[in-house]
Amino acid sequence: MKAFHYINFGLIFLFLIGICVLEEVLVSNSLVAVLDDCYRIEQQIEVDNNLNTSRVSIMVDNLEYKWSKNESKLCYMVNHKSIQEIGQEISKMKAYVTNNDIDAFKVSIDTIKFYCGAYMHFMGASVHNIL
């Protein structure tokens, strides 16, 4: 009978580990997708040296769409207040595109990359999350 309790404990523990790993994969994939889009936008800006192009505008719109889709999923796993800065920076980027403010736009991209890197660091799976 005692072996049954140990087996149940082991299964519950493995289930919790699986949930934490799944959370880590989903969060990391979402943040890596945002980082990839930011790098693509930076490359496009270097080529065009202008924000008032349809290509940059479409890329920022796609970034905003992907982030809003991912943010709604991430809100189930992490606190919304912890990840709202990325959405705010994307909104600022859209304003900078209309004003053709390249310097402020690059600062916003760097801020998004900083937040993504920081979030990937502290939202990862760990033994503390499992317990």
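Count residues from 1 along the sequence. Just so it is clear, the values below take in all heavy atoms, side chains as well, and ignore hydrogens, waters and symmetry mates.
For the pair Ile41 and Phe105, the minimum side-chain heavy-atom distance is below 4.5 Å. Looking only at side-chain heavy atoms (C-beta outward), Leu63 and Met93 come within less than 4.5 Å of each other. Using a 4.5 Å cut-off on side-chain heavy atoms (C-beta onward), Tyr65 and Lys69 make contact. Counting heavy atoms from C-beta on, the side chains of Tyr39 and Ile109 never come closer than 4.5 Å. In this structure, the side chains of Lys106 and Ile45 come closer than 4.5 Å at one or more pairs of heavy atoms. Contact check for Ser57 versus Asp61: side-chain heavy atoms found under the 4.5 Å cut-off. The side-chain heavy atoms of Ile90 and Ile86, taken from C-beta on, include a pair separated by under 4.5 Å. With a 4.5 Å cut-off on side-chain heavy atoms, Gln44 and Arg40 do not count as touching.
Of all non-hydrogen atoms in Ser108 and Tyr96, the two that sit nearest each other are OG-CE1, 3.2 Å.
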Give every donor-acceptor pair under 3.5 Å between a side-chain atom in residues 26-35 and any protein atom, sequence neighbours left out.
| from | atom 1 | to | atom 2 | distance (Å) |
| --- | --- | --- | --- | --- |
| Ser28 | OG | Glu24 | O | 2.9 |
| Ser28 | OG | Glu24 | OE2 | 2.8 |
| Asn29 | ND2 | Val25 | O | 3.3 |
| Ser30 | OG | Leu26 | O | 3.0 |

Query raised in the report: For Asp101 and Asp103, what are the C-alpha separation, side-chain angles and deciding distance, and is it a side chain to side chain contact (heavy atoms under 4.5 Å, CB included)?
Result: CA-CA 6 Å; Asp101 190 356; Asp103 294 330; 4.2 Å; yes

Query - Derivation of the side chain to side chain contact (heavy atoms under 4.5 Å, CB included) call for Lys113 and Glu89 - result: CA-CA 10 Å; Lys113 292 189 305 188; Glu89 288 299 321; over 6 Å; no

Query raised in the report: Given the rule in the side chain to side chain contact (heavy atoms under 4.5 Å, CB included) test, do Glu46 and Glu42 qualify, once you have shown the distances and angles that lead to the verdict?
Result: CA-CA 6 Å; Glu46 293 300 320; Glu42 279 183 327; 5.6 Å; no

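With values rounded to the nearest 0.5 angstrom, Ile12 atom CD1 is found 8.0 Å from Phe9 atom CZ. Put simply, CD1 on Ile19 and CG on Leu16 are 6.0 Å apart, with the number rounded to the nearest 0.5 Å. To the nearest 0.5 angstrom, Trp67 atom CH2 is 6.0 Å from Cys116 atom SG. Rounding to the nearest 0.5 Å places CG of Asp37 at 10.0 Å from CD1 of Ile112. For the atom pair SG (Cys38) and CD (Gln43), the distance works out to 11.5 Å, reported to the nearest 0.5 Å. Residue Tyr119 holds its OH atom at 9.0 Å from CZ of Phe114, rounded to the nearest 0.5 Å.
Formation of a donor-acceptor pair under 3.5 Å by the Asn50 side chain with backbone atoms of Asn52 is found in this model. A distance-only check finds a donor-acceptor pair linking the side chain of Asn100 to the backbone of Leu51 [under 3.5 Å].
No salt bridge links Lys92 with Glu85; every basic N to acidic carboxylate O contact stays at or beyond 4.0 Å. A salt bridge does not link Asp48 to Arg55: none of the charged nitrogens lies less than 4.0 Å from a carboxylate oxygen.
Cluster annotation: Val47 is not connected to Ile58 through the hydrophobic network of ILVMFWY side chains, with a link wherever side-chain heavy atoms come within less than 4.5 Å.
In Asn8, the CG atom is crowded: over 12 heavy atoms of neighbouring residues, nucleotides or ligands sit closer than 6.0 Å.
Annotation for Ile7: hydrophobic cluster partners, listed by chain and number, are Leu11 (ILVMFWY side-chain heavy atoms under 4.5 Å, direct or chained).
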